[in-house]
Amino acid sequence: MIVILKRDHNPDQLEGLVSWLQEKGITIHTSIGEANTILGLVGDTSKLDIDLIAALDIVEDVKRVQEPYKNANRKFHPEDTVIQVRDTQIGGGNLTIMAGPCSVESEEQVVAIAKAVKASGATMLRGGAFKPRTSPYAFQGLGQNGLEFLKTARAETGLPIVTEVMDVAQLSLFLDVDVIQVGARNMQNFDLLRALGHQEKPVMIKRGMSATYEEWLMSAEYVMAGGNENVILCERGIRTFESYTRNTLDLAAIPVLKKLTHLPVIVDPSHATGKYWLVDSLAMGAVAAGTDGLQIEVHNDPAHALCDGPQSLKPEAFDLLARKLLALHTAVKALEE
Ligand code: PEP
Ligand code: MN
């Protein structure tokens, strides 16, 4: 971090700043120029409040040279993180395909979809039991029963399950879930993130609707700072001025995150577009751009789905797409070798 001092700064205030920083274990290199005095701060500056320093009377400007996230930062952990989930791995050159309904609606529904997506090549089953709905009058999910139905589907297919937690109070129900999803609306629920850092299950954090890469990585940092290194990031589209699609898929997130972090990246083209007929193109684009996996909504009867039918693929369409995705992934890997 670099602190640029005002020209006529008060020496007593400067001394105060310097000793405060030194108490925090920061080493200071001072460079006195003709126009400005600059302090170079060396050490772990991730815990310093940049806005607080910038607000000091004697400070002209402050610039970070190091990102504020450490555990998630590729600079301190150059190798890709590979997360073992039962007998499948997320990251490390594998293409993870999470598929299933938006919401678990019944045991029959989720078991039938699980069998279909497994036969098509899915490696994980998705399905919401606790649903974050915009309207309090909309279907809110089956809750604990939904989790039980997911476990039945896992027992019948062997597919690990990924499902969303909405509140710290629900966490004790998630002990037997394979990957815990944090939804876009909860990306900055810091109490929830902190609690997820103190348990061992892998956590998939979906990008907040208006979150920058740095804010998203800071959410991963919350979980990792608690000791849980098994974090996955999921790009699911962001809000832009375009209203034709539900959101705008940010494919640049894939190469950007690959540069900034070692964590695996998943893309959700279903919530990104809100339209089933756009899912194929964007899923293929994500694979070409280097995603570690996809999360795709599949429903056996989209017209009667209790949630997100318009963006759900029928099992037959998912089957075709999964074949294309696996073939493209093999081709992309071969080109990169
Ligand atoms: C979901 O995956 O069902 C979901 C609600 O997604 P998001 O949090 O990305 O909106
Ligand atoms: Mn959904």
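Here the structure is a predicted model, which is why all the values come from computation and not from measurement. Just so you know, ligand 1 is whichever comes first in the structure, and atom 1 is the first atom listed for that ligand. Along the sequence shown, the residues carry numbers beginning at 1.
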Crowded around Q144 CD? As in, over 12 foreign heavy atoms under 6.0 Å? no

Where ligand 1 meets G183 - atom numbers and elements under 4.0 angstrom, heavy-atom basis: 8 (O)

Pairs of nitrogen or oxygen atoms closer than 3.5 Å, one from Q181 and one from ligand 1: do any exist? yes

Give yes or no for whether the N/O distance cutoff of 3.5 Å, strictly under, is met between A184 and ligand 1. yes

If you measure from the Lys or Arg side-chain nitrogens to the Asp or Glu carboxylate oxygens, is any gap between D8 and K6 under 4.0 Å? no

So does K75 pair up with E67, basic N to acidic O under 4.0 Å? yes

Examine all N, O or S atoms of C102, backbone included, and report whether one is under 2.8 Å from the Mn ion (ligand 2). yes

Could you walk me through whether R154 and D176 pass salt bridge (Lys or Arg N to Asp or Glu O under 4.0 Å), step by step? CA-CA 11 Å; R154 177 178 66 196; D176 195 20; 2.9 Å; yes

protein heavy-atom neighbour closest to atom 9 (O) of ligand 1 works out as R236 NE, 2.6 Å

Looking at the Mn ion (ligand 2), which N/O/S atom of D308 is the nearest one? OD2

Looking only at protein heavy atoms, which one is nearest to atom 4 (C) of ligand 1, and what is the separation? H271 NE2, 3.5 Å

So, E297 and R126, do they make that salt bridge, N to O below 4.0 Å? yes

Of E164, K131, M209, the one whose closest heavy atom lies nearest atom 3 (O) of ligand 1 is K131

Please list the nearest protein heavy atom to atom 2 (O) of ligand 1 with its residue and the distance rounded to 0.1 Å. R126 NH1, 2.7 Å

Considering only NZ, NE, NH1 and NH2 on the basic side and carboxylate oxygens on the acidic side, decide whether K151 and E148 come within less than 4.0 Å. yes

Nearest neighbour in protein (non-hydrogen) for atom 6 (O) of ligand 1: K206 NZ, 3.0 Å

Is the shortest distance from a Lys or Arg side-chain nitrogen in D308 or R246 to a carboxylate oxygen in the other one below 4.0 Å? yes

Determine which of the N, O or S atoms in E297 is closest to the Mn ion (ligand 2) and give its atom name. OE2

Please determine whether a side-chain nitrogen of the Lys or Arg among D80 and R74 lies less than 4.0 Å from a carboxylate oxygen of the Asp or Glu. yes

